[in-house]
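Okay, so here's the structure we're looking at.
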Amino acid sequence: MKKFILLASFLFLTACFNMDMSSDSPAASTVSNVYTSQFPEVPIPMLMEPDPKNSLTTVNSAGEKLGRENFKGNMEASNLAAHMVQNLTSQSWSLVGAIQGEKTLQLYQKDSRYLIIFIESGTFNTNMQVWVVNHINNFSLPNQGNDPFNFGDTPAFQSAPLNDNFNDFGANSVFSDGK
């Protein structure tokens with residue numbers, strides 16, 4: 001009986017220790033339990049897997065990767081959001097703003113780039129989109145005045161003069177009048 005109680009208490013303590021060590025809390029997150037995928041300066045938690053079919057990346061003229069990469073995994077959305085804040089700020093990304101609710105949106109800036117993280121809980125998985133885009137310096141639209149469709153001296157829409165004999169569908173179409 002003593003062996004049974006000793007064995008049961010040992011198993012109980014082992015189970016308690018294992019539950020404590022495997023917790024998915026943001027405090028347990030460090031840059032060591034992440035990997036990088038398409039964007040080398042964006043650490044991704046190991047529980048999130050890339051979804052290459054829904055990703056699109058390119059390289060700009062400065063040699064920086066830009067685009068969108070999708071991930072899905074079995075990680076609670078609020079924990080994932082906290083992991084991303086901790087891991088990205090350790091990589092010198094500055095958190096500019098965030099919205100957290102049913103869906104989470106985080107905006108970061110580093111050098112001449114912006115990083116957008118979009119996190120959404122699904123039925124079975126949590127989905128995350130990672131967007132890296134260039135910062136556009138000195139971007140402005142031409143002077144429009146009061147007309148939102150007037151871009152300076154150029155008319156907003158240029159069209160060819162209408163001709164009564166003009167048929168968009170061709171002479172042999174079912175819409176022609178046979179002339």
Side-chain angles (χ1 to χ4, degrees), residues 10-144 148-149 151 156-157:
F10 175 76
L11 291 174
F12 178 74
L13 289 173
T14 304
C16 289
F17 182 74
N18 284 340
M19 283 192 297
D20 186 46
M21 293 302 288
S22 65
S23 73
D24 200 21
S25 67
S29 173
T30 61
V31 180
S32 62
N33 62 357
V34 298
Y35 69 97
T36 57
S37 191
Q38 292 291 321
F39 305 112
E41 297 174 323
V42 180
I44 306 297
M46 294 298 267
L47 295 174
M48 300 302 291
E49 296 179 11
D51 182 9
K53 289 182 183 178
N54 294 313
S55 299
L56 175 64
T57 60
T58 188
V59 178
N60 69 6
S61 59
E64 301 168 324
K65 276 202 169 180
L66 305 172
R68 180 192 77 209
E69 188 171 17
N70 287 6
F71 298 88
K72 57 185 168 185
N74 190 10
M75 191 171 184
E76 188 178 322
S78 60
N79 285 344
L80 178 58
H83 281 269
M84 295 309 291
V85 170
Q86 182 178 358
N87 291 333
L88 289 168
T89 54
S90 71
Q91 294 291 312
S92 301
W93 287 96
S94 298
L95 182 61
V96 175
I99 300 171
Q100 189 159 344
E102 289 183 26
K103 299 175 183 178
T104 299
L105 180 72
Q106 299 173 345
L107 175 63
Y108 298 86
Q109 183 177 8
K110 182 177 185 179
D111 302 327
S112 64
R113 292 169 294 152
Y114 286 114
L115 170 65
I116 301 126
I117 304 290
F118 179 73
I119 300 170
E120 180 177 23
S121 291
T123 305
F124 300 106
N125 291 319
T126 297
N127 299 311
M128 178 173 67
Q129 292 182 12
V130 175
W131 293 76
V132 177
V133 296
N134 272 340
H135 178 267
I136 301 175
N137 294 326
N138 301 324
F139 177 76
S140 63
L141 289 173
N143 184 9
Q144 298 173 335
F149 297 105
F151 293 97
F157 300 102

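Starting from 1, each residue takes its place in the sequence as its number.
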Cut-off 3.5 Å, side chains only: do N70 and N127 have a donor facing an acceptor?
no
Euclidean distance, I119 CD1 relative to M75 CE, rounded to 0.5 Å
8.5 Å
Output for pair (Q91 CD, T36 OG1), nearest 0.5 Å, gives 9.0 Å
So CG of L66 and CG of N60: to nearest 0.5 Å the spacing works out to 4.5 Å
Would you say NZ of K72 has more than 12 non-hydrogen atoms from neighbouring residues, nucleotides or ligands within 6.0 angstrom?
no
Yes or no on side chain to side chain donor-acceptor pair (under 3.5 Å) for S37 and E69, after CA distance, side-chain angles and deciding distance?
CA-CA 9 Å; S37 191; E69 188 171 17; 2.5 Å; yes
Any ion pair linking E64 and R113 (charged N to carboxylate O, less than 4.0 Å)?
yes
So CE of M46 and NE2 of H83: to nearest 0.5 Å the spacing works out to 13.0 Å
For the residue pair R68 and F39, what are the closest heavy atoms and their distance?
N-CZ, 4.2 Å
Which value, rounded to the nearest 0.5 Å, describes the distance between L95 atom CG and W93 atom CH2?
12.0 Å
Taking the side chain as every heavy atom from C-beta outward, state whether M84 and P45 have any pair of such atoms under 4.5 Å apart.
yes
side-chain contact (heavy atoms from CB on, under 4.5 Å) between K103 and F118: does it pass, once the steps are laid out?
CA-CA 7 Å; K103 299 175 183 178; F118 179 73; 3.7 Å; yes
Carefully, step by step, assess I44 and V130 under the rule side-chain contact (heavy atoms from CB on, under 4.5 Å).
CA-CA 10 Å; I44 306 297; V130 175; 4.2 Å; yes
Above 12 or not: heavy atoms from other molecules or residues under 6.0 Å from CD of Q109?
yes
Check: Q38/T57 side-chain N/O donor and acceptor closer than 3.5 Å:
yes
To the nearest 0.5 Å, atom CZ of F71 lies from atom CG of N125 at 14.0 Å
Could you check whether any side-chain heavy atom of Q100 comes within less than 4.5 Å of a side-chain heavy atom of S78, counting everything from C-beta outward?
yes
Start with the C-alpha distance between L115 and V42, add both sets of side-chain angles, then the distance that settles side-chain contact (heavy atoms from CB on, under 4.5 Å), and finish with yes or no.
CA-CA 9 Å; L115 170 65; V42 180; 4.1 Å; yes
Pair listing, salt bridge (Lys or Arg N to Asp or Glu O under 4.0 Å) test, anchored in residues 79-96, at least two apart
none
Taking the side chain as every heavy atom from C-beta outward, state whether V132 and Y114 have any atom pair closer than 4.5 Å.
no
Hey, which of L105, L80, T104, L88 is the one that makes side chain to side chain contact (heavy atoms under 4.5 Å, CB included) with I117?
L88
